[in-house]
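For ligands, and for the atoms within them, numbers begin at 1 and follow the listed sequence.
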Amino acid sequence: MEQQLPASTNIVAIRASFLHFIEDPAKVEQVDRAYQFILDGLMIVNEGKVQSLTLFTEEEAELYSNIEDKRGKLIIPGFIDTHVHYPQTQMIAAYGDQLLEWLENYTFLTEKQFSNKEYAQKIAKFFINELLKNGTTSALVFGTVHSESIDALFEEAQKIDMRLIAGKVMMDRNAPDYLLDTAQSSYDESKALIEKWHNKGRLQYAITPRFAPTSSPLQLQAAGKLKSEYPDVYVHTHLSENKNEIEWVKSLFPEREGYFDVYAHHGLTGHKSIFAHCLHLTDKEWLAFSSSNSVISFCPTSNLFLGSGLFDLDKAEKNNIRVGLGTDVGAGTSFSQFTSLNEAYKIMQLQGQKLSVFKGLYLATLGSAKSLSLDDQVGNFEVGKEADFVVLNWAATDLQKLRQQSSTTLEDKLFALMMLADDRNIAETYITGKLVYSANKYSGKKSDF
Ligand code: GUN
Ligand code: ZN
């Protein structure tokens, strides 16, 4: 018998294999307590939220008139990118420099273009499509110094009800004049954007001082004031990425104990403060960071591309610090969180550490959700969570097929997927149970570019 439902009810029933995480694999005695894998499962999404995820049975299936049959595919929660610069989309893969020279030579010039709302709209559209194409359903995003950049991005995200966090860059020194605001104007403009966008649907705001070198103490004070006025809003910035940067911060803020203390002193640390990189923290800083309950975004492809250093994930774990995974495009070289995990694995190898596929996929989903304090809403398929998910092909190339054929365990199959997959493995992306990207439809579609 079919379920009797009110006419307005919006139910999606999907049959496939499912994998999602319940716990951090590093924190359970047996790894299989950390995840749930269902080879033949049925997920019911009702009004955009997970209603149930069970083993497929004929009896239950009879309750639903339309079941989308995706057997042979793997469904996991949508990836969450905890650090990415949408204005740098067009300058990805810029040759040869480390952080400070890279900012001077490429980044600032590219970001200049965002004073033009039309350009911002064009890149925002491209950027969001690129996220979806890579199975990323949520992100914490840098704009530029221009408020228009954030309006353009949020307007685009709003169209598909995407869960996105973003903020206008605050930057009042050590950058070209055309990219500078002031302590006062950055406070006023950020405040106006918070009032306009924060908690509007699934959108949230992040106070975004670029990094300590480009903010005067007065501007950091203004950022701290905003945070105290809107404690629910995020803080998003960079910390301890590059050795020359760290020396520069010491010379700019001689009165502070070190880089982390610059932010702590101005009230910018805490459980909703996300710091990209954290590659060269001192032991004292690791402790202070941990005590503040702040969060690290680990950005593997960026750290390698800019030659910045190797992130010590084991140390972060030992210090009980929440860590999310970030692409950091345009210093990062891919929007794919599979590619991030591929490089994360190698970064850990170089330090004698191990990244299991379970820890890796946890980091890209529930771990990142926890790092953004969004795990009540997204990150896995617990009942009541928002149904943001991605439908994966186990193999998208001949080589992937060959490798998967010889694989006999779930762990090995997933590991091969983690190391070899990219956007070609993303069959579909769903946001709140609605299809927002399909590789099939996309293959026939002409790009605007
Ligand atoms: N530090 C300050 N600005 C940036 C940026 O745009 N990218 C990266 N990777 N680090 C930064
Ligand atoms: Zn960055």
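Protein heavy atom at the shortest distance from atom 5 (C) of ligand 1 is His85 CE1, 3.5 Å. Of the protein's heavy atoms, Asp328 OD2, 2.8 Å lies nearest to atom 9 (N) of ligand 1. For atom 10 (N) of ligand 1, the nearest protein heavy atom (residue, atom name, distance) is Glu241 OE1, 2.7 Å. Looking from atom 7 (N) of ligand 1 to the surrounding protein, the closest heavy atom is Trp102 CZ3, 3.4 Å. Among protein heavy atoms, the minimum distance from atom 3 (N) of ligand 1 is reached at Arg210 NE, 2.8 Å. In terms of protein heavy atoms, atom 4 (C) of ligand 1 is closest to His238 CE1, 3.4 Å.
The closest approach between any non-hydrogen atom of Phe142 and ligand 1 is not below 4.0 Å. Not a single heavy atom of Glu245 lies less than 4.0 angstrom from ligand 1.
Using cut-offs of 30° and 60° on the angle between ring planes, the pair Tyr263 and Phe275 is tilted. The aromatic rings of Phe311 and Trp286 sit tilted, their planes meeting at an angle between 30° and 60°.
Between Tyr35 and Phe358, the ring centre distance stays below 6.0 Å. Between Tyr205 and His198, the ring centre distance reaches or exceeds 6.0 Å. Taking the centre of each ring, His20 and Phe381 come in below the 6.0 Å mark. Aromatic ring centres of His83 and His85: separated by under 6.0 Å.
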* Asked: Under the side-chain contact (heavy atoms from CB on, under 4.5 Å) criterion, do Val45 and Thr432 qualify, and how do the steps go?
  -> CA-CA 8 Å; Val45 175; Thr432 62; over 6 Å; no
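Among Lys359, Lys27, Lys354, the single residue meeting the salt bridge (charged side-chain N to carboxylate O under 4.0 Å, His left out) criterion with Glu317 is Lys359.
Put simply, CD on Glu130 and CD1 on Ile123 are 11.0 Å apart, with the number rounded to the nearest 0.5 Å.
On a distance-only criterion, Gln88 and ligand 1 share at least one N/O pair closer than 3.5 Å.
Under the 6.0 Å distance and 45° angle rule, Lys413 counts as a cation-pi partner of Trp394. Figure legend: cation-pi geometry between Arg163 and Phe389 absent, as NZ or CZ is not positioned both under 6.0 Å from the six-membered ring centre and within 45° of its axis. For Lys133 and Tyr437, the positive end is not near the middle of the six-membered ring at less than 6.0 Å and at most 45° from its axis.
Of all protein N/O/S atoms, those lying under 2.8 Å from the Zn ion (ligand 2) come to 4.
Taking every non-hydrogen atom of Ala331 and a distance limit under 4.0 Å, the qualifying atoms of ligand 1 come out as 9 (N). If you number the atoms of ligand 1 from 1 as listed, the ones under 4.0 Å from a heavy atom of Leu99 come out as 1 (N), 8 (C), 10 (N), 11 (C). Short contacts between ligand 1 and His277, defined as distances under 4.0 Å to a heavy atom of the residue, involve ligand atoms 9 (N).
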